[in-house]
Number of protein chains: 4
Amino acid sequence: MPKIVNKDEKRRAIALSCVPLLEEVGIKKLTIAQVAKKAGIGKGTIYEYFENKDDIIFEIINIHIENHDVEFFNKIKETNSTKEKIACFFYFVIDKSEENTKHFNGYKEYLSVVLSNDNEAYLEFNSNRDCFLLDEMRSIIDEGIKKKELLPIASKFVDSLMIFHKGLVLLRMSTKDYDAKESFEDYINNLFDLIEIK
Amino acid sequence: MPKIVNKDEKRRAIALSCVPLLEEVGIKKLTIAQVAKKAGIGKGTIYEYFENKDDIIFEIINIHIENHDVEFFNKIKETNSTKEKIACFFYFVIDKSEENTKHFNGYKEYLSVVLSNDNEAYLEFNSNRDCFLLDEMRSIIDEGIKKKELLPIASKFVDSLMIFHKGLVLLRMSTKDYDAKESFEDYINNLFDLIEIK
Amino acid sequence: MPKIVNKDEKRRAIALSCVPLLEEVGIKKLTIAQVAKKAGIGKGTIYEYFENKDDIIFEIINIHIENHDVEFFNKIKETNSTKEKIACFFYFVIDKSEENTKHFNGYKEYLSVVLSNDNEAYLEFNSNRDCFLLDEMRSIIDEGIKKKELLPIASKFVDSLMIFHKGLVLLRMSTKDYDAKESFEDYINNLFDLIEIK
Amino acid sequence: MPKIVNKDEKRRAIALSCVPLLEEVGIKKLTIAQVAKKAGIGKGTIYEYFENKDDIIFEIINIHIENHDVEFFNKIKETNSTKEKIACFFYFVIDKSEENTKHFNGYKEYLSVVLSNDNEAYLEFNSNRDCFLLDEMRSIIDEGIKKKELLPIASKFVDSLMIFHKGLVLLRMSTKDYDAKESFEDYINNLFDLIEIK
DNA sequence: GATGAATGAGTTTTCATTCAT
DNA sequence: CATGAATGAAAACTCATTCAT
């Protein structure tokens with residue numbers, strides 16, 4: 001009886017084995033040869049499981065983001081106040097630690113690829129993830145309202161909060177020495193003056 | 001004695017002649033050979049006036065943006081209410097007309113290049129332009145306050161308005177069928193509830 | 001399963017097929033395109049077997065020199081007297097035949113490349129080959145002493161003999177109509193007055 | 001009355017002003033633009049005084065070598081014993097000081113150019129200079145014989161001394177970490193055993 | 001005599017993808 | 001199922017030299 005390999009499983013296994021590789025060399029410098037070597041299979045085999053290079057990069061990035069999200073939601077769970085939970089969303093763009101900067105630059109590279117191609121799959125993936133994060137934010141705000149930390153009006157600011165987040169991301173990426181932290185703190189304090197129950 | 005040319009003028013003239021070319025083929029596909037042909041000069045001559053390919057692309061984009069700004073400021077001057085003036089800032093990201101979409105996609109490609117290289121000059125240029133636009137926005141808001149259209153508190157929202165703008169730009173670029181208009185209107189109406197003198 | 005090729009063999013086969021090409025066009029004018037065409041493969045395939053252009057040129061030159069050495073050692077074996085064996089070493093720089101001049105000019109071009117780059121591999125290769133030839137010369141002299149053709153003191157002249165050889169090479173290469181033969185004969189006769197057992 | 005410029009004088013003046021430039025950037029990287037700038041004239045003017053790039057490089061190198069020779073003959077004059085005078089000839093190839101290494105590498109680059117082109121003028125220049133140095137060496141040896149430092153037989157070794165010198169030059173240039181000093185000392189001691197009057 | 005603007009040929013190397021085995 | 005050998009298009013940049021002024 002031959003070993004039955006589930007195509008999807010192997011696809012994922014290949015991508016999984018290349019998560020550190022992508023971090024190391026970056027999207028643009030990643031070659032199929034490297035991927036094949038890291039996964040311990042032949043170059044041709046890659047094409048049994050992936051349409052093309054974009055496809056595999058996409059899969060690897062997915063895993064990256066999933067990993068990131070796991071950490072992210074753990075952090076949020078450990079956090080009590082609504083304000084701090086919101087801050088968790090912004091750590092990614094605020095934190096200047098080497099570790100986070102690496103992730104941030106990885107995401108920058110990813111965005112560069114998204115913006116230069118016109119890959120529908122990328123756009124859809126981004127849409128879904130943004131929706132997902134938006135929902136998370138909404139839950140947190142709603143919970144804050146329920147816990148009497150926030151005024152009911154707070155729910156009207158969920159969207160703009162997420163858009164503001166995107167704005168900080170783009171500014172940190174495209175301008176010199178942008179101080180996202182300062183901007184965030186101004187904004188969040190301003191906002192909480194309006195929505196917080198003191 | 002040889003013909004003496006004004007280097008700066010010729011530099012600009014070359015760039016100017018390639019503004020439509022850049023629009024047509026995009027940044028990534030633009031070749032020096034094309035530029036030289038369009039400008040009606042030899043390839044080598046390009047390098048008498050520009051350091052390298054980045055340098056010439058940068059110059060062409062500058063002209064693009066200058067052109068855009070001229071239109072933009074004309075629109076603002078023709079506009080009366082502060083709210084409408086603010087809306088002018090957002091036309092770029094909101095408007096779905098073919099004309100504007102072309103510009104928007106051009107800017108998208110530019111951003112893609114900025115994010116993938118680490119060109120200090122690009123980052124600095126962006127910083128300066130963002131500062132400049134921020135100042136414009138501030139003037140408009142201040143004027144609105146002076147004209148008793150807005151409450152003094154409005155001045156505290158200038159920064160976040162610009163960041164919000166960036167956020168919309170990134171969302172329109174990186175997600176599928178993003179409705180920047182809706183987001184903007186929600187936001188601006190929400191905001192004006194807080195800062196408008198009715 | 002794909003065709004498995006012996007990388008080393010194919011590498012050598014490619015280089016081998018280009019030995020006449022290198023002779024024909026010279027090092028500086030040799031292009032990868034020519035090499036690929038001559039080897040009957042694609043340009044890209046070259047790079048499956050060689051690091052870069054230097055690498056392939058180096059390999060071709062190796063074959064050249066190996067070929068030359070084979071002839072050279074055959075000649076020495078066919079020769080009886082020590083004096084004649086020594087002369088064999090100098091044929092390369094003395095002989096004005098068209099055939100040898102072609103080789104000599106090839107070596108000249110090779111040296112030109114060695115002197116203009118700072119390629120460690122080249123320098124080391126030269127060192128090794130010089131050592132090797134020095135050892136050969138030493139064997140010949142030692143044998144001459146053993147055969148009572150030469151005085152024991154002859155062994156003290158091995159180094160200078162090789163250096164003298166280099167000197168003739170450089171002189172033939174860098175000056176006009178240099179008569180290496182005359183210089184060699186003067187030298188060898190002078191020397192044999194000192195070291196020969198008559 | 002217009003300023004009469006002697007063509008040859010200006011030619012020399014231009015070359016003279018570029019002596020340090022050549023040292024700085026080397027032969028291969030030297031551009032006509034640099035030469036024109038250093039000489040304070042236009043690029044086109046260069047061609048009023050020189051045939052082509054080779055011509056001007058040649059002229060600059062001439063001056064270099066003249067300068068070197070001046071130092072060299074001063075050193076020889078200050079030296080007493082014949083053995084030391086001979087050693088002066090070999091300082092160039094033996095000395096590992098930074099200063100001399102710079103000169104040596106300059107000469108290496110020059111030789112590389114000589115070997116890669118087939119410029120008759122270069123070859124002739126080299127022939128003449130080698131003749132000239134040979135004559136100098138002969139004078140020194142003859143003088144040594146006259147001063148009863150050397151046996152009359154010494155005159156038979158003048159040629160080989162010069163060829164040996166060339167050999168050391170080529171070895172230092174084309175092999176790794178060559179110890180020219182050791183080779184020279186062995187040789188000169190060996191030689192003096194034969195030709196010195198003790 | 002002087003100038004400097006204009007020129008354009010020429011070559012290495014990478015790497016996603018295919019397909020014969 | 002798996003493989004890896006083979007492919008070939010594609011583009012920036014330099015710089016000696018000329019010649020119109």
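In what follows, every chain begins at residue 1, and chains take the letters A, B, ... in the order their sequences are listed.
- Taking atom CD1 of C/I46 as the reference point, atom P of E/dT11 lies 16 Å away to the nearest angstrom.
- When the C1' atom of E/dT13 is taken as reference, atom CD of C/Q34 falls 17 Å away, rounded to whole Å.
- Counting non-hydrogen atoms of other residues, nucleotides and ligands closer than 6.0 Å to CD of B/E51 gives a total of 12 or fewer.
- Considering only side-chain N and O atoms, B/T45 lies nowhere under 4.0 angstrom from the phosphate OP1 or OP2 of E/dA5.
- Under the Watson-Crick or G-U wobble criterion, with both distances below 3.5 Å, E/dA2 is paired with F/dT21.
- The 5' end of DNA chain E is approached more closely, in terms of each residue's nearest nucleotide, by B/G44 than by the other of B/G44 and C/G44.
- Listed pair D/Y47 / F/dC19 fails the phosphate criterion, with no side-chain N or O lying under 4.0 Å from OP1 or OP2.
- With a 3.5 Å ceiling on both atom-pair distances, the Watson-Crick or G-U wobble partner of F/dA12 is E/dT11.
- In this structure, CD of B/E9 is placed 15 Å from C1' of E/dA5, rounded to the nearest angstrom.
- Between C/K28 and E/dG10 there is no side-chain polar atom (N or O) within less than 4.0 angstrom of OP1 or OP2.
- Nearest nucleotide to the B/K7 side chain, out of F/dA5, E/dA5, E/dA2: E/dA5.
- Contact of the A/H103 side chain with the A/E23 side chain is registered, since non-hydrogen atoms from C-beta on lie closer than 4.5 Å.
- Side-chain atoms of C/E48 lie closest to F/dA6 of the nucleotides F/dA12, F/dA6, E/dA2.
- Residue C/K43 has its side chain nearest to E/dT12 when only F/dT17, E/dT7, E/dT12 are considered.
- By the 30° and 60° cut-offs, the orientation of the rings of B/F58 relative to B/F125 is perpendicular.
- Of all nucleotides listed (E/dA16, E/dT13, F/dA12), F/dA12 comes nearest to the side chain of B/T31.
- The 12-atom threshold is not exceeded at NZ of B/K38, counting heavy atoms of other residues, nucleotides or ligands nearer than 6.0 Å.
- The backbone N or O of A/K108 lies less than 3.5 Å from no partner atom in the side chain of A/S112, so there is not a single donor-acceptor pair.
- Residue side chain C/K29 does not reach the base of E/dG10 through any donor-acceptor N/O pair under 3.5 Å, judged by distance alone.
- For the pair B/K53 NZ and F/dT14 P, the interatomic distance rounds to 15 Å; values are reported in whole Å.
- Comparing B/I41 and A/N52 by the nucleotide of DNA chain E whose heavy atom lies nearest to each, the residue mapping closer to the 5' end is B/I41.
- Comparing the same atom, P, in F/dT21 and in E/dG1 gives a spacing of 22 Å after rounding to whole Å.
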